[in-house]
Every structure is written in structure tokens, then in C-alpha cells.
Amino acid sequence: MQGLQQLASAAPAVSSSNFTLLPGLQAAWSALQHRLATSVTAEGLKFYKPTTPGFRGRVVTARKDLWKGGPFKPLTQGFSRTGGRNHSGKAVARHIGGGSKRIYRIIDFQRSLGTAPGVVERLEYDPNRSAHIALLKLQTRKTHKPLALREQYSYVLAPQGVAPGDTLLSGTDVPIRPGNTLPLSHIPIGMQVHNVELRPGCGGQLARAAGASATLVKKGDNGYAVLRLPSGEQRLVLSRCMATIGVLSNPQNKNSKLGKAGATRWLGRRPRVRGMAMNCVDHPHGGGRGKKKGRISQTPWGKPTKGYRTRRNPTTDRFIRESRHKARGARG
């Protein structure tokens, strides 16, 4: 008791507004917090302590800098799942079913020339895509009729380097910085872009995944520009098509690990049965004694796998300058 009284008398006076601990107590408190923590965040990833078998190998992307609340309701709509069934209820796609409920966020992929400047309100997580999204408050002109909320705000894909408070622009003479949208004809060669249109006015279709970007390789006089896609393919795109500057956010998504089978079910994926575990009437790999396949790897319908090329679209072959297969062979 006397030792506690001496410790209390030796401790400095503290107030409720500025609470401090002794150096020894501070170190002990930090060690206790670290011991009780269930996860550790480093380099954009969240590692869980192995308190259960499912947490032992689980690694997810960190979301500490994202909005903690729900989505902006005027820019959402219902999202119904098909379970892999068509309009008559017949299963046409395997391994689809279940999963957590989702709300679809309406994303502005067009970012056309007439789009008003927008100020980034917040960065959000989107369960429907791997990249993060940004909520913009559009600086629209005042009109006699009040605008609806969904006309005053918009969702866009969030590139790296964009923070709340930044202003994103769209036009032909806007600055070259992450988040701004310009036609390919007004973007310098060698710049990394994302959300690239294939047809003017139809919205971005290329380079929309987490950490993805395309590189502008060449701008020709024939009205086309050459883009190097993330796969290595070089493709011709009309110079009038719009593209957004920068690399998309959440680049560590490729390093995430689900950790357990249940996490796969949360994503709406049902179990996959190997063909070699089936009977011979159900799969070309099925039947036989032991682990005998008896033929090359193929689908349940007999189409070869493991490198068999299935692309059959001659109408767009002329837009491919260099295929991804040749690019992969050149790299190594």
C-alpha cells in the first residue's frame, strides 16, 4: 500500500483533457494493446492473428482510410442475383449461388466533356468491384428548378493519389493530374490512364480493376491511339475516346487471401467438383481406376484447356496491334 502511495505521489498531475502516463506504464499499456489486437495493418494489407484456423492465413486489404458508413442512397439501386439461372429457371452457369447481399452503386463511367467539376467528398468501399470509388459533389450552375440529389452527386472510380477535398475535372484543356478525364488526343504519350472508352460516349470499359492502368504508347494521324493494356496487348483506340489520368486505387487487392472456404461462399461462389472425382458419364476425366485421366485436360464438354485459344472475333482483330501472347513471349 505504501508503494502505491509513493507511486501516486511521484506521478505528475494529469487532467481529463490531457491524460499522460509514466514512461514505464506507457510501455506496458502499449504492449497490452498490441497483445489484445486481433489484426495488424501494414502496407495496405490487414493481417489477422491466428486465433482460429480461418484467421491464420487470412489477408484482406485495409480500409481504415475509407468511409465507415453506408453508400449515398440516391446513387444506389437494387441488385438481384440470378444464381446462375436463366429466365426459365434452368441452371446455365455452374458454381454460382448464395453470397452476401449487395447494393449496387451507380458509377459514372462516361465523364463526358460537359460534366461539371466535382469535389471529392469521401472515398468508399464498393462490394461490386475491386477498386475503391469516390463520391463527388458536382459544382453545377444554379437553375430555377432545384436539382435532384442524384444530379448533384456522382460516383467515380477512385485513382491513387486522390483524397477528400480534391477537385476532379473533365475536358480538353484540364490539368494532367490523377482523376481528371481528357480525350486520348490531349493526353501526353507515356501517361498511365484508366477507365478508357472503346467507343466515344459509351463510357469506359478498359482498365477498371484495382491497381490497373493502361499506357498511352502512340498517337497517330489516322485518328487512332495505341494503348498497352495490363495484359501486355497493344490495341488501337479512337483518339476521341475519353480516358482518366492515373492508376486505380487498392493495388494490394492482388495480395489478399480469403483464408477459408466460407469466405468464398460469401462472394457467391459455390464449391467446384474436380472432373477426376466424377463418373465417366459426367466428365471426360471421370471414371477409371485410381487417378487416371486418360486424356488431355478439357472441359466437361470436351473443349481443351490450359492454353487453348478460344478467341473468335475477326471483326475486332484489326484493332489489335500486338497480342498479349506475343507480348508475354517478348517479356520472357
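All values reported here derive from a predicted model rather than from experimental measurement. Numbers for residues simply follow the sequence, beginning at 1.
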Is it the case that the side chain of [X] and the backbone of [Y] share a donor-acceptor pair, with hydrogens and angles ignored and the cut-off at 3.5 Å?
X	Y	result
Q252	T61	no
H194	G246	yes
N128	R102	no
Q205	E197	no

Cluster overlap [X] with [Y], hydrophobic side-chain contacts below 4.5 Å:
X	Y	value
L75	W67	no
L123	L168	yes
V120	L66	yes
L169	V193	yes
L229	V237	yes

With side chains defined as the heavy atoms from C-beta onward, is the minimum distance between [X] and [Y] less than 4.5 Å?
X	Y	result
N195	V156	no
I189	K219	yes
R150	I106	yes
D126	R105	yes
R235	L198	yes
H285	S297	yes
L227	T215	no
R240	P183	no

* Asked: Which pair of non-hydrogen atoms, one from G179 and one from R111, has the smallest distance, and what is that distance?
  ->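 Smallest interatomic distance, heavy atoms only, reads O-NH2, 3.0 Å.
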In Å, rounded to the nearest 0.5 Å, how long is the span from [atom1] of [X] to [atom2] of [Y]?
X	Y	atom1	atom2	answer
R270	T264	CZ	OG1	13.5 Å
D108	L157	CG	CG	9.5 Å
S213	I245	OG	CD1	11.0 Å
N313	T310	CG	OG1	11.5 Å
E124	L135	CD	CG	5.5 Å
Q160	H132	CD	NE2	10.5 Å

* Asked: When Ile, Leu, Val, Met, Phe, Trp and Tyr are grouped by side-chain heavy atoms lying under 4.5 Å apart, directly or through other members, which residues fall in the same group as W266?
  ->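 Members other than W266 - counting any ILVMFWY side chain reachable under 4.5 Å - there are none.
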[X] atom [atom1]: more than 12 heavy-atom contacts under 6.0 Å:
X	atom1	result
R265	CZ	yes
R208	CZ	yes
R199	CZ	no
R81	CZ	yes
K90	NZ	no
K326	NZ	no
R122	CZ	yes
K257	NZ	no

* To do: Please state whether the rings of Y224 and F319 are parallel, tilted or perpendicular, taking 30° and 60° as the class boundaries.
  =>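 Tilted.
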* To do: Scan side-chain atoms only and decide if E121 and Y153 contain a donor-acceptor pair under the 3.5 Å cut-off.
  =>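 No donor-acceptor contact under 3.5 Å links the two side chains.
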* To do: Mind running side chain to side chain donor-acceptor pair (under 3.5 Å) on T316 and R311 for me, showing each step along the way?
  => CA-CA 11 Å; T316 58; R311 175 181 168 83; 2.8 Å; yes
* Asked: So Q298 and K303, side-chain contact (heavy atoms from CB on, under 4.5 Å) or not? Walk me through it.
  -> CA-CA 5 Å; Q298 51 193 264; K303 182 173 292 188; 5.9 Å; no
* After noting the C-alpha distance and the side-chain angles of V60 and L45, does the key distance pass the side-chain contact (heavy atoms from CB on, under 4.5 Å) rule? -> CA-CA 6 Å; V60 299; L45 293 173; over 6 Å; no
* Chi angles and distances behind the side-chain contact (heavy atoms from CB on, under 4.5 Å) call for M276, K293 -> CA-CA 7 Å; M276 291 182 61; K293 185 184 299 184; 4.1 Å; yes
* Is it the case that R63 places NZ or CZ above or below the six-membered ring of Y125, under 6.0 angstrom from the centre and within 45 degrees of the axis? ->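 Yes.
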* Hey, which of D166, V162, V174 is the one that makes side chain to side chain contact (heavy atoms under 4.5 Å, CB included) with N180? ->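 Considering D166, V162, V174, a side chain to side chain contact (heavy atoms under 4.5 Å, CB included) with N180 is found only for V174.
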* In sequence, state the C-alpha distance, the side-chain angles, and the governing distance for I107 and R129, and then conclude on side-chain contact (heavy atoms from CB on, under 4.5 Å). => CA-CA 11 Å; I107 310 295; R129 65 195 74 255; 3.6 Å; yes
